[in-house]
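Quick note on labels: first sequence line is chain A, next is B, and so on, each numbered from 1. In this text, all values refer to a predicted model and were calculated from it rather than measured experimentally.
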Protein chains: 2
Amino acid sequence: MKALKIPEATITRLSIYSRFLKRLDKKGITTVSSGDIAEGVGVSPAQVRKDLAYFGEFGTRGVGYNVKDLIRYTVKILGLSDPWSLVMVGAGNLGSALVTYKEFKDRGFSIVGVFDNDLTKIGKRIADMEVLPLEELPKVVKESNVRIGIIAVPSKAAQDIADFMVKSGLEALLNFAPISLNVPDEIEVRNVDLSVKLEILTFNLALKEK
Amino acid sequence: MKALKIPEATITRLSIYSRFLKRLDKKGITTVSSGDIAEGVGVSPAQVRKDLAYFGEFGTRGVGYNVKDLIRYTVKILGLSDPWSLVMVGAGNLGSALVTYKEFKDRGFSIVGVFDNDLTKIGKRIADMEVLPLEELPKVVKESNVRIGIIAVPSKAAQDIADFMVKSGLEALLNFAPISLNVPDEIEVRNVDLSVKLEILTFNLALKEK
DNA sequence: GAAAACTTGTCACAGTATTCACAAATACTC
DNA sequence: GAGTATTTGTGAATACTGTGACAAGTTTTC
């Protein structure tokens, strides 16, 4: 793996390629070209090749890529060769839905604890797990070697929760609250903003009116 | 509004600025500088000014921006001055969570129908609404003048559902299924991929190991 | 009311990301 | 086995995005 700085857009696409390839594999397809991938995920063939080229030469000229091999490579690159344990903070509708979200499981993510500080939610059962009080978080993080936490709490609580999660030993946060979190530099944070894409649609529809 | 091509990243940030400003307004703050916004959402001040500059001159030199005015402008730009009616297809965990997602409501989105073709889900109640069979979709789209639909069904079903939604008269789709949809050019589609950001985190954590 | 302190809007520049185009390698055809 | 058709990997060209720097305008200070 080269020391080059990899564009985040490349990682994003790699994740998408990887899952597309798994679907091809499930269909029994063994070989694929950059053009096939490109068409399947909606980018250009050159883009696919360039993205892969950051990490090595995985194809054969005149032939294409071996699907199973390329899955292995993309999974390895994305750090998904071994399964990850996650914790979920927030046992509301969104948190609950994410805990049972099958795609996470398919990609090797396993949620090992659900936490909330709302007394009405603590003790509730979600997918075979009991919702625990937030105070239990540090213990679970330590015991299960959890490095990544998901935040699915209301915006107002998100910053405090994030602070506590960092203090609990988590190294990376996936934040579903629509606010920008303040965390130490060494903590990785990515936001999933459920409204943004919707507002891109309304922007475009409004533009069409003209 | 100029005829210039606006980067989608600008629209994305505009949506984020707009919601950040609403929080400032709620706190009673009346004036804000590009630097304040920048700090609040995690971008550079020049970026904020440039993004706004695509659409006009909203600030006062030496002073900054009036919060209420800027909210109005951003909301207008994003096409959110009037409320939007949406339909949700997919009444599983994710679909149900999104139907009750408060942030959508806050931004003027109102879900007027939830549909599914799974008999075990039809008839179920979600947020005061009865889950309807998919066949009812065209009627609701027409009667409520719905232009945007949300897809929260399993990947396997997503393409067929999307086809049906287009045929039902919808003009824009927000797709939560992790696959790339094939739709006519005139239909706007945006994907919300819940796994991608998680895999960016694992990529970065895996990189740190080195 | 002149000077100092801010802050926007914008143009030029720097930096990134994407596309193009083609040599290199492989497979298929007859 | 020579010729044709594929398809990758990649350097160069292009397009796009973000940053820096500063003039222009506003407010505050003394």
Open item on the list: Once you apply a heavy-atom cut-off of 4.0 Å, does A:S34 come out as touching a base, just sugar-phosphate, or nothing?
Closed with: sugar-phosphate

- [ ] In whole angstrom, give the distance that lies between atom OH of A:Y17 and atom P of D:dT8.
- [x] 12 Å

Task: Separation of B:Y17 OH from B:D51 CG (nearest 0.5 Å) - done: 3.5 Å

Open item on the list: Expected output is a numbered-order residue list: members of residues 66-74 of chain A with a heavy atom under 4.0 Å from any atom of DNA chain D. What is it?
Closed with: none

Task: Any B:Q47 side-chain N or O less than 4.0 Å from OP1/OP2 of D:dT17 - done: no

Task: Side-chain N or O of B:S44 closer than 4.0 Å to phosphate OP1/OP2 of D:dT19 - done: yes

TODO: Could you tell me the separation between the OH atom of A:Y54 and the P atom of C:dT16, rounded to a whole number of Å?
DONE: 11 Å

TODO: Please find out if less than 6.0 Å separates the ring center of A:F58 from that of A:Y73.
DONE: yes

Open item on the list: Any salt bridge linking B:K102 with B:D106? Criterion: basic side-chain nitrogen under 4.0 Å from a carboxylate oxygen.
Closed with: yes

Open item on the list: Under 3.5 Å, is there a donor on one side chain and an acceptor on the other for A:D36 and A:S33?
Closed with: yes

Task: Presence of salt bridge, A:K22 and A:D25, under 4.0 angstrom - done: no

- [ ] Enter the distance from A:I151:CD1 to A:L173:CG here, rounded to the nearest 0.5 Å.
- [x] 4.5 Å

TODO: Spell out protein contact along nucleotides 20-30 of chain C as letters: B when the base is contacted, S when just the sugar-phosphate is, - when no protein heavy atom is under 4.0 Å; keep the 5' to 3' order.
DONE: BB-BBBBS---

Open item on the list: Let's go through B:S34 and B:R49 carefully: what are the C-alpha distance in whole Å and the side-chain angles of both, what is the deciding distance for side chain to side chain donor-acceptor pair (under 3.5 Å) to 0.1 Å, and is it a yes or a no?
Closed with: CA-CA 6 Å; B:S34 59; B:R49 296 201 295 277; 3.0 Å; yes

- [ ] Considering just the side-chain nitrogens and oxygens of B:Y65, establish if one lies under 4.0 Å of OP1 or OP2 belonging to D:dT26.
- [x] no

